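Each remark here refers to the structure printed beneath this line.
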Amino acid sequence: MNDAIAVIRDVDGGSAKLMPDVDRARAWLLMVDGAPQSYVDLDDPTHLEFEYARRLGHVVDCAADRGEPLDIIHLGGGALTLPRYTAAVRPGSRQHVVEADRGLLRLVAEHLPVPEGTGITVHAADARGWLEHAPEDSADILIADVFGGSRVPAHLTSVEYARTAARVLRAGGVYAANLADGAPFGFLRSQLATFAAEFEQTALIAEPSVLRGRRFGNAVLLASHSQIDTARLARCTASDAFPARVEHGAGLIRFTGNAKPVRDAAAVASPEPPAGTFGIG
């Protein structure tokens, strides 16, 4: 039983609320302006509550042999759920977390501090601006989970941004982005076309109900210059409480259709979710 009380604070991006999970002793849900942002169990950082977080966790798990340390960049910090997970399952990894909301970073550091020696370095900066100055060939995985409110910012959706991500990744490195869209998937299809313009391989992880257009939801876009182990990822995602499908190859080409890559001049944020899509309660 968690007897802690909620913490409410104004941050740069709105009103943040840390809510204790009554069923887990030191677990917290972070919400910003009513939208769930992160879930962290301080006693068990390998517990990934949100479905999209578990799918990103599978990407981390499948990127190399079990336990092998990696160099990972996280664009978007929230409560540092994925960095904590990676530090637990791949000890010795070097991780850079880039979060623009300084107020949110202060809140998380105060109430959900990261233990010493985890290899996690946090940077208060704009995601793309920081990435543009990151060393070439410096990351094994680049995870983008950046939302302004409930929308992916426009400057993280263009060919120019994808090219920057490709420059920072090592040969064999994987880009993974948490996105959100619904039918007719104008945004998601344009993102697939955009990253296919800069990477040889792309894949998409999402629940079948989302891919069929039955509801608005999250999808994880993957991109790499090397072959993505979609078979292994598919086995992992199929075993989740809410199973997801891994689309790739001809099926993904059909899904992308005639969508065109997006350049900076025409880039737009992801669509606003329908009311209540990501709400709690």
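In this text the structure is predicted, and so the values were computed from the model without any measurement.
Of the inter-residue distances, the one linking Leu222 atom CG with Leu56 atom CG reads 8.5 Å to the nearest 0.5 angstrom. Taken from CD in Gln201 to NE2 in His225, the straight-line distance is 11.0 Å, to the nearest 0.5 Å. Residue Ile205 holds its CD1 atom at 11.5 Å from CG of Leu179, rounded to the nearest 0.5 Å. Expressed to the nearest 0.5 Å, how far CD1 of Ile141 lies from OG1 of Thr86 amounts to 7.0 Å. Rounding to the nearest 0.5 Å gives a distance of 14.0 Å between OG1 of Thr194 and CZ of Arg189. The CG atom of Asp181 sits 8.0 Å away from atom OG of Ser190, with the distance rounded to the nearest 0.5 Å.
Arg128 pairs by the salt bridge (charged side-chain N to carboxylate O under 4.0 Å, His left out) definition with Glu132, Asp264, not counting sequence neighbours. For Ala183, the side-chain contact (heavy atoms from CB on, under 4.5 Å) partners are Phe185, not counting sequence neighbours. Partners of Arg170 according to the side-chain hydrogen bond (donor to acceptor under 3.5 Å, both in side chains) rule, which considers only residues two or more places apart in sequence or in another chain, are Asp71, Asp140. Taking Asp65 as the reference, nothing meets the salt bridge (charged side-chain N to carboxylate O under 4.0 Å, His left out) condition, with sequence neighbours excluded. In this structure Arg84 satisfies the side-chain hydrogen bond (donor to acceptor under 3.5 Å, both in side chains) test with no other residue, sequence neighbours excluded. For Tyr39, the ring pair (Phe, Tyr, Trp, His ring centres under 6.0 Å) partners are His47, not counting sequence neighbours. Checked against side-chain hydrogen bond (donor to acceptor under 3.5 Å, both in side chains), Asp12 has no partners two or more places apart in sequence or in another chain. Considering only residues two or more places apart in sequence or on other chains, Glu198 meets the side-chain hydrogen bond (donor to acceptor under 3.5 Å, both in side chains) condition with Arg163. Asp126 pairs by the salt bridge (charged side-chain N to carboxylate O under 4.0 Å, His left out) definition with nothing, not counting sequence neighbours. Residues passing the ring pair (Phe, Tyr, Trp, His ring centres under 6.0 Å) test with His111, sequence neighbours excluded: none.
Judged purely by atom type and a 3.5 angstrom limit, Ser224 has no side-chain atom pairing as donor or acceptor with the backbone of Val174. Arg90 contributes no side-chain N or O that, together with a main-chain N or O of Leu70, makes up a donor-acceptor pair within less than 3.5 Å. Asp145 places no side-chain N or O within 3.5 Å of a backbone atom of Gly76 that could act as its donor or acceptor partner. In this structure, Thr157 contributes its side chain and Ala154 its backbone to a donor-acceptor pair below 3.5 Å. Although no hydrogens or angles enter the test, the distance criterion places no donor-acceptor pair under 3.5 Å between the side chain of Arg55 and the main chain of Asn218. In this structure, the side chain of Asp101 engages the main chain of Gly13 through a donor-acceptor pair within 3.5 Å. Formation of a donor-acceptor pair under 3.5 Å by the Thr164 side chain with backbone atoms of Glu160 is found in this model. Using a distance-only test at 3.5 Å, with no hydrogens or angles considered, a donor-acceptor pair links the side chain of Thr237 to the main chain of Ala244. At distances below 3.5 Å, not a single donor-acceptor pair connects side-chain atoms of Arg212 with backbone N or O atoms of Glu207. For the pair Asp33 (side chain) and Ser15 (backbone), a donor-acceptor distance under 3.5 Å is present.
No side-chain heavy atom of Leu112 sits less than 4.5 Å from a side-chain heavy atom of Leu80. The shortest distance between side-chain heavy atoms of Phe216 and Pro273 falls below 4.5 Å. Side-chain atoms of Cys62 and Cys236, non-hydrogen and from C-beta on, do get closer than 4.5 Å to each other.
What you find for Val97 and Gly77 is that their closest heavy atoms are CG1-CA, 3.6 Å. A pairwise comparison of heavy atoms in Ala6 and Met19 identifies CB-CA, 4.5 Å as the closest pair. A pairwise comparison of heavy atoms in Leu48 and Ala53 identifies CD1-O, 3.4 Å as the closest pair. When all heavy atoms of Leu211 and Phe255 are compared, the closest pair comes out as O-CE1, 4.1 Å.
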Output, in order, the C-alpha distance, side-chain angles, deciding distance and verdict of side chain to side chain contact (heavy atoms under 4.5 Å, CB included) for Trp28 and Asp41.
CA-CA 6 Å; Trp28 296 83; Asp41 187 333; over 6 Å; no
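Cluster annotation: Val152 is not connected to Val262 through the hydrophobic network of ILVMFWY side chains, with a link wherever side-chain heavy atoms come within less than 4.5 Å. In the hydrophobic cluster analysis, where Ile, Leu, Val, Met, Phe, Trp and Tyr join through side-chain heavy atoms closer than 4.5 angstrom, Leu131 is grouped apart from Val159.
Among residues at least two apart or in separate chains, ring-ring contact (aromatic ring centres under 6.0 Å, His included) pairs with a member in residues 161-184 are Tyr175-Phe195.
Between the side chains of Ser209 and Arg215, at least one donor N or O lies within less than 3.5 Å of an accepting N or O.
Note on Arg9 versus Glu110: salt bridge recorded, some NZ/NE/NH1/NH2 to OD/OE distance being below 4.0 Å. By the 4.0 Å N-to-carboxylate-O rule, Asp44 lies close enough to Arg24 to be salt-bridged with it.
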Output side-chain donor-acceptor pairs under 3.5 Å for residues 246-254, partner residues at least two apart or in another chain, one line each.
unit_1	atom_1	unit_2	atom_2	d
Glu247	OE2	Arg245	NE	2.8
Glu247	OE2	Arg245	NH2	2.9

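Checking each of Glu99, His96, His74 against His123 for a side-chain hydrogen bond (donor to acceptor under 3.5 Å, both in side chains) leaves exactly one that passes, namely His96.
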